[in-house]
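Each chain gets a letter, A, B and so on, in the order its sequence line appears, and its residues count up from 1.
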Number of protein chains: 4
Amino acid sequence: MESTENEPAPAARRHHGNRHRRSEEARISVLQAVDGLLVEIGYARLTIEGIAQRAGVSKQTIYRWWSSKDELLMDAFSKDASDWMIPSDTGRLRDDLRAHAQRVAEFMANSDAGAVFRALLAQAQHDGDLAERLRSEFLVEQKTYERLPLEAALQRGELPQNADPDLLAAQVFGPIYYRVLVSGETVTPAFIDALVDLTLANTVASGSRPGS
Amino acid sequence: MESTENEPAPAARRHHGNRHRRSEEARISVLQAVDGLLVEIGYARLTIEGIAQRAGVSKQTIYRWWSSKDELLMDAFSKDASDWMIPSDTGRLRDDLRAHAQRVAEFMANSDAGAVFRALLAQAQHDGDLAERLRSEFLVEQKTYERLPLEAALQRGELPQNADPDLLAAQVFGPIYYRVLVSGETVTPAFIDALVDLTLANTVASGSRPGS
Amino acid sequence: MESTENEPAPAARRHHGNRHRRSEEARISVLQAVDGLLVEIGYARLTIEGIAQRAGVSKQTIYRWWSSKDELLMDAFSKDASDWMIPSDTGRLRDDLRAHAQRVAEFMANSDAGAVFRALLAQAQHDGDLAERLRSEFLVEQKTYERLPLEAALQRGELPQNADPDLLAAQVFGPIYYRVLVSGETVTPAFIDALVDLTLANTVASGSRPGS
Amino acid sequence: MESTENEPAPAARRHHGNRHRRSEEARISVLQAVDGLLVEIGYARLTIEGIAQRAGVSKQTIYRWWSSKDELLMDAFSKDASDWMIPSDTGRLRDDLRAHAQRVAEFMANSDAGAVFRALLAQAQHDGDLAERLRSEFLVEQKTYERLPLEAALQRGELPQNADPDLLAAQVFGPIYYRVLVSGETVTPAFIDALVDLTLANTVASGSRPGS
DNA sequence: TAGTAAGCGAGACGGTACGTCATGTCTTACT
DNA sequence: AGTAAGACATGACGTACCGTCTCGCTTACTA
């Protein structure tokens, strides 16, 4: 079975699937409470009771619809994440790569959605299931988009045939994630430019070799 | 009644360790308990009470010497981390870089110390102070070592004068951290080789450009 | 190797009993600390650590010389209690009884020593050993003094031969203790006078009968 | 919208006890645990954790409904105390007084409820609030009952008009409390008889005088 | 048009762990 | 030997949240 899964949106009240009448109001105010509290007090002090109170909702309602704090965060995150993913496509590899790298850096380091993402990534270090969900629901797609400009360029012949978009993307984006998640250094435009230039200089000169 | 009762006292060693005040015995058994429990039950279920019990130590003793669970982890980590840091130096850049990258990958993904490190990195996402400590006490040094083979090669003239060791290191190691911490992909020797080759291909051909 | 065991002080130093040289200074400052703290913060918040700190003494020193907090209180109490016990003796029963009753009431309700005594009596409810000590070291004597005016009067022929001083004392002093320890009513001179008058009226009229 | 909101009231009693919110089951098992533990291990070793465990209840539940160990004891005591209070009324003062004095002595010295009462009285020495509660919730009533036979006798003309029941009661019961709480002597029937006889001998002969 | 049952806010419940406090014992270094 | 200092194992404290569980209410769908 496969459903369109999108909110029908008009007035309506389709009562999709098996649920009878879940309160959309409650759902939304919970997710907003999560967003708000995460920014205001941080993940460490985020509690189900706090969320329930802030949302004006009973704990039971939260437990009815989400199985854990992390799943709640996943939901709150999905709501906001998609805006940041899609790369521009100007037809000029260098520009597209720079622009998307800049966008990813901005998302990771400075956006509210990025804050939630970092929290989730942190939890994923302790929780394999969450890690798996996070990957399948977000990272796979994210990675696809990071590869996109390179694959387009390959198609256009802007890169040598043997260039490996996966590997090239890793060399551009890996260091960005590292700075945000590990070293805490700010990701400057100059750093991004250098990464992109170095990566492209290389492939133009020699082609890239296959990765794992 | 009077008994000899005196330590024959060959050499010193009257009381184990350096106990002038603090019990070295307690300190060590706590850190070992942390290591053991972290591996056995994971960070999420690690409790101070559990550590105290396992170590045969009172909670108060833990709180007397460590201000938080994270600081405890930092200590437990420092104890083990240094083994993994120092790169080989054969005088051949490609080999040294591959070897050290392999070592870092092994540390991050498969060692006990790496498990503690990942847990700390996760906590550091929620706690700026911890992040700062982690950086100053470990990452700075770690990064220095990652740059070392490149700097040596630069010195030897194996790299162009304008090569930027920092940036090159970022392109080799960034993707490794990414795989371990974010995407969960295994870091294969082939992947490492590809990263190193691509990075060096570039610099030999064109020199690298300065980053931020 | 241990042998010489030099006595710094040759002859002398023997003095009291078996102890070598207990610090009188410490003993006194502990007892004073107990008095002070009991008045300032009350029994409920009196701690050995607090006493040690206030007295400038180590906990060990306290534990060396007193086996429990209550024993400490007993000591502190003995120091002050004796002042209150001895009745006047004017040769007029009614006056002597009134005066001593007044004195006992004052001691119980308003003196510092009385505060310690009430605290001890309270602890004695939970601790049979303390109760026993309190009785043998204080109450027996206290009771003797309460009987004294009556026995003197009996001797003088001021009371009938068959009067029971013990019982009469109980009827005068029992209600006073009751008011202080149980009902919390203040013990007024009028109440005392009434007690004494009623008790004596009785014995003059009829003689008293033997109690248990 | 507006609802009458009144309790239908008739049948009611749906779930055991009055549970609208609070669990009557928990309340009772806590109070029973207190009773049991107090008798078994004594006040000094009575802990909230012990009570919770014995009652099969969480600590939080205890703290939710009782603000302190002493308040808990008050509750446990109220439950049992009333049985002991009401004096017999045969119409013969001497008999009624003896019987009630005997009953009070039995309660104070030998009953379980009396053990709780003595513990409370002890705590009341250190805690003015508890003392106040104990007086208003128990002692006032207790004292009324102690006066009752005397007042009835006064009404019947069995006592002189100017007799003061309060004072007479004090002389009968004061010494009983003193023996139980202070001197530890057992309260024998002979002692009680002597107290009553002496007290009545007096009033019959001379009338009593007003106290404070 | 009433009855029924799901979702809901509220919050009590049995638990676990927290971080703190005081206990009584111990060791060390000093006098 | 007695002492001040203070680390130590122990155990209870009172608090914060956990996840589960009624309860009584409101509402939308059925019968």
Checklist line | B/E71 side chain vs B/S67 backbone, donor-acceptor pair below 3.5 Å | finding: yes
Check: Any salt bridge between A/D35 and A/K79, counting N to O under 4.0 Å?
Finding: yes
Check: Starting at the 5' end of DNA chain E and moving along, which residue's nearest nucleotide shows up first, C/S68 or D/A55?
Finding: D/A55
Item checked: Distance, rounded to the nearest Å, where C/R64 contributes CZ and E/dC26 contributes P -> 13 Å
Next item on the list: With axes from five pairs an end, tell me the bend angle of the helix from E/dT1-F/dA31 to E/dT31-F/dA1, nearest 10°.
Entry: 10°
Notebook entry, point to check: How many Å lie between CG on D/L72 and C1' on F/dC13, as a whole number?
Noted result: 15 Å
Check: Are D/Y43 and D/Q123 linked by a side-chain donor-acceptor pair shorter than 3.5 Å?
Finding: yes
Next item on the list: Look at D/T61 and E/dG14 and indicate whether a side-chain polar atom (N or O) is within less than 4.0 Å of OP1 or OP2.
Entry: yes
Next item on the list: Apply side chain to side chain contact (heavy atoms under 4.5 Å, CB included) to the pair D/Q125 and C/L121, showing each step before the final yes or no.
Entry: CA-CA 9 Å; D/Q125 304 302 321; C/L121 220 36; over 6 Å; no
Margin query: From NZ of D/K69 over to P of F/dC13, roughly how many Å is that when rounded to an integer?
Written below: 6 Å
Next item on the list: Return the value, rounded to whole Å, for the distance between atom CD of D/E71 and atom P of F/dG14.
Entry: 13 Å
Checklist line | Within 6.0 Å of CD in A/E137, more than 12 heavy atoms from elsewhere | finding: yes
Checklist line | N or O in side chain of C/W65 less than 4.0 angstrom from F/dT3 OP1/OP2 | finding: yes
Note to self: Between C1' on E/dA22 and CD on C/Q53, what's the gap in Å once rounded to a whole number?
What the structure shows: 13 Å
Margin query: How many whole angstroms separate atom CD1 of D/I51 from atom C1' of F/dC13?
Written below: 13 Å
Note to self: Both D/V57 and A/S23 contact DNA chain E. Taking the nearest nucleotide for each, which residue is further toward the 5' end?
What the structure shows: A/S23
Pairs under 3.5 angstrom, nitrogen or oxygen only, protein versus nucleotides 15-17 of chain F, please.
none

Next item on the list: Measure from CZ on B/R22 to P on F/dC8 and round the result to the nearest Å.
Entry: 7 Å
Notebook entry, point to check: So, is D/S58 near the phosphate of E/dG15, with a side-chain N or O under 4.0 Å from OP1 or OP2?
Noted result: no
Margin query: Applying a 4.0 Å non-hydrogen cut-off, can you work out what C/G56 is touching in the nucleic acid: base, sugar-phosphate, or nothing?
Written below: sugar-phosphate
Next item on the list: Count the heavy atoms of every other residue, nucleotide or ligand shown that sit under 6.0 Å from CZ of A/R64, and state whether that count exceeds 12.
Entry: yes
Notebook entry, point to check: For the side-chain contact (heavy atoms from CB on, under 4.5 Å) test, which of B/D127, B/D75, B/D129 pairs with B/D70?
Noted result: B/D127
Next item on the list: Could you tell me whether the side chain of C/S78 and the main chain of C/M74 form a donor-acceptor pair under 3.5 Å?
Entry: yes
Side-chain atoms of residues 49-56 of chain A: list all donor-acceptor pairs with protein atoms under 3.5 Å, sequence neighbours left out, distances to 0.1 Å.
unit_1	atom_1	unit_2	atom_2	d
A/E49	OE2	A/K59	NZ	2.9
A/R54	NH1	A/E40	OE1	3.2
A/R54	NH2	A/E40	OE2	2.8

Note to self: Can you measure D/R27 atom CZ to E/dC13 atom P for me and round it to whole angstrom units?
What the structure shows: 12 Å
